[in-house]
Structures are given as C-alpha cells and as structure tokens.
Amino acid sequence: MQDSGGSSSGLPKRFEWESVEASCLERWNLASASRASEGEPFSMVVPPPNITGRLHMGHALNLTIQDVAARYRRMQGRDVLWIPGIDHAGIAAQNVVERQLRAEGVDYKSLGRDAFVERVWRWKESIGSGILDQIRRLGASLSWDHERFTMDPGFSRAVREVFVRLYEDGALYRAERMIHWCPRCLTALSDVEVTHQDRDGELYFIRYVDAERPEDSLVVATTRPETVVADLALAVNPEDDRYVAWVGRRVRVPMTDRTIPVVTDTTVDPGFGTGVLKITPSHSMVDFEIGQRHGLGALSVIDERGIMNAQAGPLSGLPLEKARVRAVEVLDSVESLVRREPHKNAIGVCYRCQTEVEPRLSLQWFVRMAPLAARAREAVAAEEIRFFPDNWEKTYFEWIDNIRDWCISRQIWWGHRIPAWTCQDCHHLSVLRNDPEVCPHCGGVNLIQDPDVLDTWFSSALWPFATMGWPEETPDLRRFYPTNLLVTGFDILFFWVARMIMMGLYLTDRVPFRDIYIHALVRDEFGQKMTKSRGNVVDPLELMERFGTDAFRLSLALLATPGRDIRLSVERVEAARNFVSKLWSAFRYISLVVPPGTPSLDDLASCRGIANRWILSELARLQTAYREAMESYRYDEGALLVYRFTWSLFCDWYLEATKGDFERDPSDPLRIETAGTLVTVGSILLDLAHPVMPFVTEELSRLFEFSNGCTGTGESPVLAGRIPEGWGEPFDRIRSMVGSVRQTRSVMKIPPTQEITSALVLLSPDAGDPAALWPFLERLGKLSRSADPSLKGLRAPFRDGYLVLGLGGLVDFSREADRLEKEILKLGEKIAEVSGRLSREDFVRKAPPEVVEKDRGLVVTLEEERKGLEVALDQVRAFLGETP
RNA sequence: AGGCGGAUAGCUCAGUCGGUAGAGCGCAGCUCUUACACAGCUGUUGUCGCGGGUUCGAUCCCCGCUCCGCCUACCA
C-alpha cells in the first residue's frame, strides 16, 4: 500500500464469514481452556437446554444476549465465568425414549426399570453434545471446561443432599393429596406444569330426583356428566333462598342406585348454572375440599390411565371421552338430561404432552413452600435481586404470594431417584444420603426404595450453585457465587427462576444471582408463536448459514427491546447482513488507503483536520451513550448506536469527506493524521461492535493488527472528556451546506456525477474559512470553485450563507421553484407554531427560561433559513422569467 | 375474574426524565462516482387507539374506555 492507487488489493472484497467463523471457533475453543483468573469476577450460568432439544430461536436469543454480556464484561477486564450445561429433562426425555421403543414394538414397561434407564443413558450418549455444538456455532463464549449435566455424579450428590436436608428440616413431607395427574405420562405434575387451554365445551343440565318424593327434583349444571357416577353430594349456597328447603334431604344419583345428601357450602356460586353444584371429591380439586368439610369420603371412578373403572356403572371400561358421550346418552334415556348448552371453559393440560390432566388423590412428596417463599420475596423486595425490565417483579410477587406446596415426586423412571426407603419389617421410612444396607431403625434387610423420581425442576433449582460444586466449599463458589446475571425467558419465571431464588437462599444463605434479564419470546413475522404444529418454526442454524452468524446475532440484538415480543423476519436478518457487509467494506477501504502498521493517534489534542475532529467528537459521544445503554442491559440500543454511527456517520460522511486526504503526498501531515484517525476510530469501533458481532470484528482487528479488546491485546481508549467542545461544529456546517446542494441537485435532476461550477457566499464570520471549506464542498457536493465572484445561478442556501450554483439555462427551474415554495410553507408553519407559543404571556411567564430562550433562538434560526430560501426562490423566478 | 404488555409513517418497530416526531423495510426519482448495488444521493407518508384530567404546553404523566396479545385463577 505504497500509494492510494490499487497496487495493493487490501482485504478480500467480501466478508467470507463461512471460513472466518470456522477459524474463529477453533481459536475460541482453544482459548476457553486458559481463562485468565485476574480481574473482578463476573459470572452467569446458562439456562441448561433440555437434552431432548435442538437449538431454536428462543435459545439463540437467550444465548446471544448472554454472550453480549459476557464479551462486554470480558472487554472491561472482568474475569468471566459462564457455565454451560444440559438438563436431563425427566418427562420429556422419558417420552422420547418411550416413543423410540414403541417404534421398535417394545413396551418400555416390559424392559424393566434398570434396562430402561440404561437405554436412556445410551441415547443421551448417542446425541453427544448435539445442542452444545450448536450453541458453540452461535459464537457463545461459554466456559467450556465447566460443562455440567443435571445428572452427573456431582450434581446427583447435590440433589440428594438437598432432599435429605429439606426432609430433616421438616420442609419436605409425604402425604396423600389431590394432585394433577397426566393420564398419558402416568405421573403427578406440579401446579405450574399444568397449562390452561380454552376449549369449547358444553354445559349439561342434569336432574336429580328426591329420594323420598320422586316428583321433586333439583337440576345441576355440569361440564363433566361422566363424573355423575362418582357424585357424593349436591351443594348449594347457604344464602340461596331457592334451595333452603332442600338442605338435608337426599337425592338419587342418576345411572346408579345411590342416594346422596344435599349440603350447603359458601363456595358455591348461586349465579352459575342453577346454583346447585354436584360434588365428586375424587375428581375435582374444589369438590375434594368441600368433601373434606362435609366428611363425604371418596369414590373414585377413573383409573390412572383415564379409563372408567368398575365403580363407574354403565360407563365402566370406557375412556373418558367416550364415557362422556355414553353418559349423556344414558342420562337422556332415563330422562335425567334436562338440556345442554354451549360453554367455553379453560381446561388444564399437561405441559409436555397436552393431554387433559385429571385431579387425582395420591401419595406424593411435597416441599413446604411458604417459608422458602417468604425469604425469596424479601430478597426481591429489598432489591438484592433486580428484574430487568422491572415490571416482572409484579408477576413474581403475584406467584410468590399465592404459593402452594410443590409436588416433587414423579412416577417415571428417568431422573433423580427419591432417596427414601421403607422397611418391610418395621415399616419405618428412612431418608438417607447414602444407600442403606439395612434398616437404620430395626436393622432389617427388607428395604424398598421409593420408586419415584424427582421433578426435573427440583434439580434445576440448584443450578447456579450445584454447577460450582456445592455442597463442597469450592474455589469457584467462593469466587463466582452469587452469579451476577441471569438471562432467561419469562415462560420459566415460576418453573425455574423463583425456585432458584428459594433454594439458593435456603441452601447457601445468599441470593443465586443479582440481576435477572427477562427477555421476550421470538415469534414469526406475523406475531405467531413458533410451534411445530403451526409449521412456522424458523431454524436459527439455517439463518446463520444463509446470512452469517454475526448478521443473525445482530438482528436478534437489534430486535430485543425489553418487554416486547420479537417478530423475526428474514428481512430483518437480511438488513443485518447488509450492515455486516457495509462494515467489512469500510474496513476494506481503510486497508486500501492506510499503510499497514499505521499507529493510532497518540495525541488527540493536536488533531487539526475538520473531519477528523468531527468523527472523534462523534465517537466520544457514541462511547458515552453506548456505555450507558450496555450498563442498563439495553443491548438493543447499544447495537443500534453502533449501527447508526457506522453507517450514517462514519461511512456516509467521514470516509467520503477524507478521501481527498489520500490524494495528497504520503508525507503530508493531514494525510498522516487522517490515517491515524482511521486507525483510532476503526479500532474503537470494532471493540464497540464486538459483543454483538464477534466474528467479523475479531477478524478485522486481527487483519489490521489492532491492539484492542477484540483480539484481547489492548483496551480501547475512552474519548469522552478528551475531545474539546465544539470540535464537531465546522464539519456539521459543511454537512448542512452539502445537504442543501444535494437537494437542489436532486430536484433539478442533475446527475450526481456532473460537476457544477459554484461560488460560495458566507454571510457570517463564524461560517468558516472558505479555503478550508472548499475541499469538502468540491468532493461531497461535486462542485468546482468558480473564479467569477459575480457568478449567476441558483442559490443553495444554508444557515449563514449560500452557494451559487452556476447551472445556466439548461435545466427546468420550475421544479426547484416548487420545492422551495413547499419548503418555505413548511418552515412558515413551524415558525407560526413556535412564535405563537412565544406570544402567549402564560408560556413566557411560566415555562422554564431556558425553554423560552431555546424557542426564541429557534425562531431566529428558522426565519434566517426561510429568508435564505426566499431569496433563492426569487432567484429561480428570475431565471424562469429569463428563460420562458 | 385479576395482573402484565401492546396500540406511533404502507409494514415491522424505536423514542420523547412533558418543550421543532425517528429507524429499518417499502415506494418514487437520479446514479454502476475504483470500500460497499448486500451501495450512494434525494424525496415520500403521521388526527403518536378513543374520551376526559393535570399543565404555559401532553404522543409522553393521571383517570376512564375500546381492541389485540400473554400470564395467573378450583366458576362447576
């Protein structure tokens, strides 16, 4: 690069991200093993993806945000630990392997427990690090030497320790309770594992006749006629005058030969249906409670698979759906069905398989939540933990304040086995850290371990500290716990976030993390949730391959406005790709004009070039705004700032404005200064862009041998405070002059390439030195300086002067006249608005003086501007007169 | 039923600690000017959801309403 000609080819013409990404990834994997343990620690744990998973948009967004945080902190010199890992995903994984077996014609039950679990492990090994590899490709700079699995030996020990400790503290109990049961997964679920779906159903009105006087009857409205056979009472509200006479009487249950009492309960809503509620304690949460209050006992008619059992009379042997149809037929045939009407209601379904859940009475393990929740509430209330955005606090409190005990036992095989043994001899229940040989109570050898496993989320709740070696007092725990930041989606706020807080406080006496960044859901371009059944799932890997990973990450970062769902469209990724190209080509240009090894500016204060001063002052502003955005987790804003600076200021103005400098002699001081400025700005800019676009920025930094954060070879200087006030002004004036010329040029349809002879007239001494202005006007406005001081032509006005464009009579001036008229009208409206405000006595008296001052100044400026335009318009009209 | 979020240019969305309303995409015109056509220049469009209130001034704050999304909830 000896001269500005093309003797050197510079960078490749296009950013070849395929190969660049590959070599970066290789380097990073090597680098992660040797983390420097200096600097203030900064730690995060990744939300462990399910072992069953494949990288989806949610992961991509989640990891991009975390990686931006990690890289940003790393560049600040922090010692970053970001722990990767995978969740064993109990029910989900069990389902996958069950399906595989079924495809082979094998019922998993017939395999037996040990063989089945073995099979799941084998499957786990066969997937290998599938999803983690995909995470790597995203550029996520995790601490790979810290990878964990929720069922690895250390983690399993931690889980068992927690279980035992909770039990010993009385925070854990086993009891027979109503729980949500999935008849397909054949296991209990916790409250949060049940999601609600609105379904169109029917309300059936059923007649129950008086046991003594068959002519009297009550009508009950129900959505579940199949449970009539399990009715143990009818209930009315004690305040309900319509039914006072019925209380204490007995009615006959249709389809059976049983009679049941009519009772009162205040929870019955007189306004719903007929005001009479049928009570089936075994198959409804509410009814169970009412049943308890009235000592009704239990009658179960549905088995664990959702099939009506022998107690179900005419419905016996039917699955629930068919049982309902049958029940209606039977009721109708015995004239018990009064009528039916359409009815919408929300039914609970299993979050793993969408099967309707059944309330079911069974023996399960529960965590007593109230005490844990109290501390968890306090931690957030006292701002030991902060939500970003903070409105999630409300949702969090809402749940915490209405917490119910957590059912943690699952009737599946894949997961952490519950460490509880029952002695067959003395019936003593032992909960133990180590598998027992004999009963600790009686010494008997007939011990049977509880067959259940723990809710997957029970182990997930330990993630922030168990991954660091808890319950051991490890160096990692001492140095990195509590973690600084948790990044996750709102959909697992209760499943995961709240429980980590509770367990963290309970077990480590400290919050597990300080800040929680809650991000939104990624939807498709129409705002629909991406689901397999809709077929609108966009594969992140596909987008990465098509547009490059940097572009993909940038598009996510730009779209990640807090508190708002993201609509991802290919166009947005395309736009981001265009930006990456732009960035690349800008640096290609630099490589063509700046000799290799050019140092940064060593003394900013001695910088003289108008454009150089301007870009430095703009960069200083960018740095400040960027820092503010990044520190408040506004990564979207940080990315946008970089985007705008790069494209609209650096490329559109600065690079164009300084091209002339490189036509000067290589030893020219301005040329040298501009080269130094390019290096300074370029290097800092790459650092700012690096957290979001790690590949392209590192590649460019390496090619240019910058000592900056991208390559880990230096730190970017902070410009704020080092750039004198007003350094940007002269070039800003040039920008407005050029803008005016370009407008006129465009309206007159003069090709951008056609040079126009012009004269510069400055009306104010602050407007600048013509000799300094002309080189920029020539280049940016494609003007040539006229020697004729009385040059005639169109005026392109600006704040304190105008340019005379010597166009001759060759063009159509009426267009320019139209434009100017429009412009003048617009300005007039604005002036009227502001001066109208100023003429109101109220405003001048009550508004802050600086606001009034600003408006006064504004009117003056606007009027000056208008005057310039008016003169220009006169000029055009004169031309129009001359050239009819 | 309660809670949260949204309603701003044709589309997707920023934004304003209350004081001349922005970007990307699109559209129109002119340009292949050796960094970039994945580009440049210029232009284009807004009762800032509706109704009140506070204020000198509201798109922004407060109250109410309408629509859209989501979450929580034992209305059978």
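Below, chains carry the letters A, B, ... as their sequence lines are ordered, and counting in each starts from 1. Note: hydrogens, waters and symmetry copies are ignored here, and every other heavy atom, side chains too, is used.
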Which part of the nucleic acid, if any, lies within reach of [X] when heavy atoms closer than 4.0 Å are counted: base, sugar-phosphate only, or nothing?
X	value
A:Trp653	nothing
A:Arg644	sugar-phosphate
A:Arg14	base
A:Lys13	sugar-phosphate
A:Lys394	sugar-phosphate
A:Phe494	sugar-phosphate
A:Pro848	base
A:Val851	base

A:Lys582 NZ/CZ over A:Tyr643 ring centroid, <6.0 Å and within 45° of normal: no
Geometric cation-pi criterion A:Arg577 and A:Phe547, 6.0 Å radius, 45° cone: no
When only distance counts, do a donor and an acceptor, one from the side chain of A:Lys659 and one from the base of B:rA35, lie under 3.5 Å apart? yes
Less than 4.0 angstrom between a side-chain N/O of A:Arg404 and OP1 or OP2 of B:rA73, yes or no? yes
Taking the side chain of [X] as heavy atoms from C-beta outward, which of [options] is closest to it?
X	options	answer
A:Arg523	B:rC70, B:rU44, B:rU12	B:rC70
A:Ser585	B:rA73, B:rC36, B:rA76	B:rC36
A:Tyr589	B:rA35, B:rU44, B:rG40	B:rA35
A:Thr223	B:rA76, B:rC13, B:rA35	B:rA76
A:Ala847	B:rA76, B:rG19, B:rC13	B:rG19
A:Asp652	B:rC75, B:rG19, B:rC41	B:rC41

Only pairs with both distances under 3.5 Å count, Watson-Crick or wobble alike; so what is the partner of B:rU55 in this structure?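 Paired with no nucleotide.
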Does the distance from a Lys or Arg side-chain N to an Asp or Glu carboxylate O, for A:Arg856 and A:Glu853, drop under 4.0 Å? yes
For a side-chain hydrogen bond (donor to acceptor under 3.5 Å, both in side chains) check, start with the C-alpha distance between A:Tyr654 and A:Glu656, then their side-chain angles and the critical distance, and finish with the verdict. CA-CA 5 Å; A:Tyr654 180 71; A:Glu656 294 305 326; over 6 Å; no
Which label fits A:His343 and A:Phe272: parallel for a plane angle under 30°, tilted from 30 to 60°, or perpendicular past 60°?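 Answer is perpendicular, since the angle exceeds 60°.
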